[in-house]
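Step one of this worksheet: look at the structure below.
Numbers restart at 1 for each chain; the letters A, B, ... are given by sequence-line order, proteins then strands.
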Amino acid sequence: MIAQLPLRGAGREPVLLARDRYARVELLGSAVSERSRAHLLAQLRHMFRLGEDLSAFYAVAREDEELAWAAAGAGRMLRSPTVFEDVVKTICTTNCAWSGTVRMVSALVDHLGPPAPSGEHAFPTAAAIADAGDAFFRDVARAGYRGPYLRTLAASVASGELDLEQLNDPQLPDDEVEQRLLALPGVGPYAAAHVMLTSLGRYSRLVLDSWTRPTYARLVGRKSSDKTIERRFRRYGDFAGLAFWLLLTRAWVPDDAV
DNA sequence: CGTCCAGGTCTAC
DNA sequence: GGTAGACCTGGACGC
């Protein structure tokens, strides 16, 4: 074990489970340098959002019969090490079945990602994706029309012309971040909202797609327009998207965790 | 076998 | 600003 990372930022709230006050990090293989260790810990803090403060969300959720359970510490979603990785993965979720997303992302990792000592591969660099040939996107990833989106995006990041990691800057307003995301190839309203929610810690936008709409309809017992759904979550302000997501995924949470 | 659609986006009106 | 059509892929479904 190289560290015990305290889970802070949730105010006085327990973090999901009382026993999970620490994330235990074990390193397989040879020792790492102090520099690598620091980098690894910083990356883990980012991925697990250990600094996230959701207490303002919990304060509202506690008053909402359907979401009071979440106030026990839900909503700290795992994210990728980089915004670039989450944007690429999100593009791979658009207009296809989940099996297609898995196929495309697995191909990127297995064929373009740097190998680790374990034999597994990490997510590829932007340069590696930018340099992949047409045959990879067409015959291996079978990404279809998304191939050019992915390569164009990766080339912009690899060249330094585009820095997606800047979107982590808390100074940027949500509207600005959304506009920058919408400007990316293959990123529309769904993908922008998805990246904001799952990668940027910006919870204001509702992720509305062919899974969330019918899932919400099933939970409330009738279909609702997007406007109606937005209205139901307006009380959550900047946490509307998180509230919507948690309501939809309540069934994913083990009963003993809430 | 053809049609539809799955965690949409883009372009052209 | 809103809306039709096209778009890769593959699995489900009806015929």
> Do L182(A) and P189(A) have side chains that get closer than 4.5 Å, going by heavy atoms?
Replying inline: yes
>> Taking only the P atom of each, what is the distance from dG11(C) to dT9(B) in whole angstrom?
In response: 23 Å
> Looking at F239(A) versus F233(A), is the centre-to-centre ring distance below 6.0 Å?
Replying inline: no
>> Please report the distance, rounded to the nearest Å, between CG in L181(A) and P in dC10(B).
In response: 12 Å
> For atom C1', what is the distance between dC8(C) and dC4(B), given to the nearest Å?
Replying inline: 15 Å
> Can you tell me how far P of dG7(B) sits from CE of M104(A), to the nearest Å?
Replying inline: 12 Å
>> For dT3(C), give the paired nucleotide (Watson-Crick: N1-N3 plus N6-O4 or O6-N4; G-U: N1-O2 and O6-N3; both under 3.5 Å), or none.
In response: dA12(B)
>> Between dG2(C) and dA6(B), how far apart are the two P atoms, rounded to whole Å?
In response: 23 Å
>> With a 3.5 Å cut-off and heavy atoms only, can you find an N or O donor on one side and an acceptor on the other between the side chain of Y145(A) and the base of dG8(B)?
In response: yes
> Side chain of D209(A): nearest nucleotide among dC8(C), dG7(B), dT9(C)?
Replying inline: dG7(B)
> How close or far is atom C1' of dC8(C) from atom CG of L150(A), stated in whole angstroms?
Replying inline: 12 Å
>> Mind checking if L184(A) touches a base, just sugar-phosphate, or nothing, with heavy atoms under 4.0 Å?
In response: sugar-phosphate
>> Are V253(A) and R250(A) packed together at the side-chain level, in the sense that at least one heavy-atom pair is separated by less than 4.5 angstrom?
In response: yes
> Taking the nucleotide of DNA chain C with the closest heavy atom to each, which residue, S99(A) or G144(A), is nearer the 5' end?
Replying inline: G144(A)
> Checking all strands, does G100(A) fall into the base, sugar-phosphate, or nothing category for heavy-atom contacts under 4.0 angstrom?
Replying inline: nothing
>> Tell me the interatomic distance from R146(A), atom CZ, to dA6(B), atom P, rounded to whole angstroms.
In response: 14 Å
> Nearest to the side chain of T94(A) - dT9(B), dT9(C), dG7(B)?
Replying inline: dT9(B)
> What is the base-pairing partner of dC8(C), counting Watson-Crick and G-U wobble geometry with both distances under 3.5 Å?
Replying inline: none
>> What is the separation between atom CZ on F137(A) and atom P on dT9(C), rounded to the nearest whole Å?
In response: 14 Å
> Are the aromatic ring centres of F57(A) and Y236(A) under 6.0 angstrom apart?
Replying inline: yes
>> Just to be sure I understand the rule, does T212(A) reach a base, reach only the sugar-phosphate, or reach nothing, if contact means heavy atoms closer than 4.0 Å?
In response: nothing
> Given the P atoms of dC5(B) and dA4(C), what is the spacing between them in whole Å?
Replying inline: 15 Å
>> Is the ring pair Y145(A)/Y149(A) parallel, tilted or perpendicular, if the boundaries are 30 and 60 degrees?
In response: perpendicular
>> Using whole Å, what does the distance between atom P of nucleotide dG7(B) and atom CZ of R213(A) come to?
In response: 13 Å
> So which one's nearest nucleotide on DNA chain B is more toward 5', W245(A) or P185(A)?
Replying inline: W245(A)
>> Measuring only the P atom in each nucleotide, how far is dT3(B) from dA6(C)? A whole number of Å is fine.
In response: 13 Å
>> Expressed as a whole number of angstroms, how long is the span from D139(A):CG to dT9(C):P?
In response: 9 Å
> CH2 of W98(A) versus P of dA6(B): gap in Å, rounded?
Replying inline: 15 Å
> Y149(A) or T93(A): which one's nearest nucleotide on DNA chain B is closer to the 5' end?
Replying inline: T93(A)
> With distance as the sole test, does R76(A) use its side chain to make a donor-acceptor pair with the main-chain N or O of R49(A) at under 3.5 Å?
Replying inline: yes
